[in-house]
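Please find one structure pasted underneath; my questions will follow.
Since this is a predicted model, take the numbers as computed values, not measurements. Residue numbers count from 1 along this sequence. Side chains are part of it too, since the values below use all heavy atoms of this structure and drop only hydrogens, waters and symmetry mates.
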Amino acid sequence: MSSRLPEPTADERAHSDRLLQLLREQIASHGPMPFSQYMERCLYAPGLGYYSAGRTKFGAAGDFVTAPELGGLFADCVVNALQPVLAMLGDEADFLELGGGSGAFAEAALKALAASGTLPRRYLILEPSADLRERQRERLLAHLPAALNARVQWLDRPPEQDWRGVLFANEVIDALPATRFAMRQGEVYEEYVALDGEGRLVRVDRPADALVSAAVRHVERDLGVDFVDGYRSEILPQLPYWIQAVAGSLTTGLLLFIDYGYVRREFYLPERDDGTLMAHYRHHAHNDPLYLPGMNDLTASVDFTALAEAGNSAGFGVAGYLPQAQFLIGAGLQDAFEREHAAIADEHGRYRLAQQAKRLMLPEQMGERFQAMLLARGLDALPLPAELLAADQGERL
């Protein structure tokens with residue numbers, strides 16, 4: 001597998017070895033760890049995990065490119081979709097972004113919000129990574145006027161006091177630590193990470209606990225079919241608790257999640273019998289999560305039916321579900337494109353803008369692989385663009 005991947009540097013190997021040593025010590029002391037715990041350590045272990053260490057993650061110099069990194073079109077459309085809700089809620093409305101990435105979205109969104117005359121009272125960024133938080137802070141200080149920067153606040157944890165406004169999360173749920181399950185003779189097993197006789201990481205299966213088993217059985221009942229022996233996939237039994245934790249204090253407003261994934265019946269297709277787990281290393285996707293721990297982004301696609309159920313259990317109703325391409329069209333992509341195109345003087349810049357739009361929209365790029373879900377609570381009306389509401393595919397959930 002690793003032969004087709006870029007050769008890691010000596011520093012990368014040394015960094016990974018430090019995390020590997022920590023993992024070995026924890027497994028030696030406490031026994032095999034659930035894969036979800038292993039994924040959490042690989043992504044978020046202080047100073048060692050993928051998102052908490054200092055290496056570049058986003059853009060051409062990192063491991064993958066997210067929609068905000070492509071340019072301003074994505075943020076313009078998101079703001080166009082959400083700003084009517086902010087306007088309706090008035091001066092007390094806040095904007096909360098989960099996981100600010102490089103800060104590219106916050107920069108473009110704040111500029112677009114200012115242009116639309118609907119700046120939130122506060123622009124909050126819930127960012128667990130100290131490294132990313134500092135990068136975001138530097139970027140916004142360099143590219144935003146002081147009046148906009150004054151509205152930005154970073155949070156260590158979700159708001160505890162009741163608030164009104166909108167919450168936005170792009171490619172966040174795919175990075176939640178996923179539980180891997182497998183079926184054996186009709187019983188549910190959970191995937192763990194253990195050590196072999198030579199101290200190497202290996203994946204093993206153990207009987208699932210009650211929480212994981214109940215989550216898998218719920219999916220089987222909903223699909224109306226049992227998983228066959230040997231079937232392996234991912235599930236997020238913690239998703240209802242996570243939604244309640246990050247959005248439970250939002251009394252009135254809207255949640256917008258954009259991520260790659262499927263409705264449940266497509267997520268758990270019979271032929272997708274090893275799940276959706278992927279590792280990303282320097283723009284190369286591969287399927288070995290044990291390779292170079294701490295240096296790879298580990299992700300699993302989102303079951304949007306599960307997200308809708310989690311939102312419902314937290315008191316939110318599904319206000320819209322549609323592919324990213326349809327969401328962007330309904331949120332005014334054509335107008336945003338024409339405005340930016342008219343403002344660009346050189347042909348090279350116009351070409352890059354066209355490539356940005358293609359990447360966001362084409363089915364084989366982000367247009368169909370990524371989905372958008374809107375969840376609402378406490379709103380008497382949904383002041384969303386009519387074109388967006390008309391494109392809703394919520395019946396597919």
Side-chain angles (χ1 to χ4, degrees), residues 51 66-68 74-114 116 118-130 132-133 135-137 139-140 144 148-176 239-259 302 307 310-311 314-317 319-320 327 331 372-379 382-384:
Y51 284 108
T66 63
F74 180 79
D76 285 348
C77 292
V78 169
V79 166
N80 196 49
L82 298 180
Q83 65 93 5
V85 176
L86 293 171
M88 185 178 73
L89 294 178
D91 294 340
E92 296 301 304
D94 291 327
F95 191 115
L96 171 58
E97 181 184 0
L98 300 186
S102 69
F105 179 83
E107 177 193 339
L110 279 161
K111 289 176 180 176
L113 287 163
S116 71
T118 50
L119 276 170
R121 178 182 60 164
R122 299 177 299 173
Y123 190 102
L124 306 171
I125 302 176
L126 179 58
E127 179 55 72
S129 167
L132 288 178
R133 184 184 296 204
R135 291 171 188 244
Q136 294 156 15
R137 194 187 311 275
R139 178 175 188 142
L140 298 184
L144 292 180
L148 291 186
N149 262 303
R151 295 177 187 262
V152 182
Q153 294 181 26
W154 279 265
L155 304 179
D156 295 314
R157 59 186 62 86
E160 297 178 356
Q161 302 299 318
D162 289 351
W163 64 287
R164 297 153 56 91
V166 297
L167 178 153
F168 172 65
N170 182 65
E171 292 195 54
V172 169
I173 297 179
D174 67 81
L176 293 181
L239 191 57
Y241 312 103
W242 182 84
I243 290 286
Q244 182 62 42
V246 300
S249 58
L250 177 63
T251 60
T252 308
L254 200 65
L255 317 179
L256 171 58
F257 294 97
I258 298 180
D259 222 315
V302 177
L307 180 58
F316 293 86
F327 171 82
M373 176 168 281
L374 294 139
L375 299 164
R377 176 158 69 183
L379 297 174
L382 279 174
L384 296 171

Quiz item: Looking only at heavy atoms, which two atoms of Leu256 and Ala372 are closest? And how far apart?
Solution: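 In terms of heavy atoms, the two residues are closest at CD1-CB, 4.3 Å.
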Quiz item: Taking all atoms of both residues into account, what is the closest heavy-atom pair of Gly101 and Leu132, and its distance?
Solution: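 Closest approach of Gly101 to Leu132: O-CD2, 3.9 Å.
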Practice problem: May I have the step-by-step check of side-chain contact (heavy atoms from CB on, under 4.5 Å) for Val172 and Val246, ending in yes or no? | Solution: CA-CA 12 Å; Val172 169; Val246 300; over 6 Å; no
Quiz prompt | Approximate separation, where rounding is to 0.5 Å, of Leu382 CG and Leu374 CG | solution = 8.5 Å
Quiz item: Of all heavy-atom pairs between Gln83 and Asn80, which one has the smallest distance, and what is that distance?
Solution: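 Where Gln83 meets Asn80 most closely, the heavy atoms are CG-O, 4.0 Å.
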Quiz item: Once you round to the nearest 0.5 Å, how far does CG of Asp259 lie from CE of Met373?
Solution: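 Separation between the atoms: 11.5 Å.
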Practice problem: For Val78 and Phe105, run side-chain contact (heavy atoms from CB on, under 4.5 Å): C-alpha distance rounded to whole Å, both residues' side-chain angles, the deciding distance at 0.1 Å, then the answer. | Solution: CA-CA 10 Å; Val78 169; Phe105 179 83; 3.7 Å; yes
Quiz prompt | Spatial distance of atom CG (Leu167) from atom CG (Leu96) [nearest 0.5 Å] | solution = 4.5 Å
Quiz prompt | Verdict with supporting geometry, Asn149 and Leu110, side-chain contact (heavy atoms from CB on, under 4.5 Å) | solution = CA-CA 9 Å; Asn149 262 303; Leu110 279 161; over 6 Å; no
Quiz item: If every non-hydrogen atom of Pro84 is compared with every non-hydrogen atom of Pro383, which pair is closest and at what distance?
Solution: CB-O, 2.9 Å
Self-check item: side chain to side chain contact (heavy atoms under 4.5 Å, CB included) partners of Ala112, counting only residues at least two apart
Solution: Asp76, Val79
Exercise. Quick one: pull up CZ in Arg157 and CG in Leu155 and give me the separation to the nearest 0.5 Å.
Key: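 Those atoms lie 9.5 Å apart.
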Self-check item: Worked verdict on Leu86 versus Leu113 for side-chain contact (heavy atoms from CB on, under 4.5 Å)
Solution: CA-CA 10 Å; Leu86 293 171; Leu113 287 163; 3.7 Å; yes
Self-check item: For Arg133, side-chain hydrogen bond (donor to acceptor under 3.5 Å, both in side chains) partners two or more places apart
Solution: Asp156
Quiz item: Quick one: side-chain hydrogen bond (donor to acceptor under 3.5 Å, both in side chains) pairs with a partner in residues 239-250, sequence neighbours left out?
Solution: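 Checked against side-chain hydrogen bond (donor to acceptor under 3.5 Å, both in side chains) - neighbours excluded - the pairs reaching residues 239-250 are Trp163-Ser249.
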Quiz item: Rounded to the nearest 0.5 Å, what separation is found between the CZ atom of Phe316 and the CG atom of Leu250?
Solution: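 Here the interatomic distance stands at 4.5 Å.
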Practice problem: Ignoring hydrogens and angles, tell me if any N or O in the side chain of Arg377 forms a donor-acceptor pair with the backbone of Ala314 under 3.5 Å. | Solution: yes
Quiz item: How far does CD1 of Ile173 sit from CD1 of Ile258, to the nearest 0.5 angstrom?
Solution: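 Spacing of CD1 (Ile173) from CD1 (Ile258) equals 11.5 Å.
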Taking only distance into account, with no hydrogens and no angle test, what donor-acceptor pairs under 3.5 Å do side-chain atoms of residues 118-127 form with protein atoms, sequence neighbours excluded?
| unit_1 | atom_1 | unit_2 | atom_2 | d |
| --- | --- | --- | --- | --- |
| Thr118 | OG1 | Ser116 | OG | 2.6 |
| Arg121 | NE | Asp94 | OD1 | 3.1 |
| Arg121 | NH1 | Glu92 | OE1 | 3.1 |
| Arg121 | NH2 | Asp94 | OD2 | 2.8 |
| Arg122 | NE | Asp94 | OD1 | 3.4 |
| Arg122 | NE | Asp94 | OD2 | 3.3 |
| Arg122 | NH2 | Asp94 | OD2 | 2.7 |
| Tyr123 | OH | Glu97 | OE1 | 2.7 |
| Glu127 | OE1 | Gly100 | N | 3.0 |
| Glu127 | OE1 | Gln136 | NE2 | 2.9 |
| Glu127 | OE2 | Ser129 | N | 3.1 |

Quiz item: So, for Pro158 and Ala245, which heavy atoms are closest and what is the spacing to 0.1 Å?
Solution: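 Closest approach of Pro158 to Ala245: CB-O, 3.2 Å.
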Quiz item: Taking all atoms of both residues into account, what is the closest heavy-atom pair of Ala75 and Ala109, and its distance?
Solution: CB-N, 4.0 Å
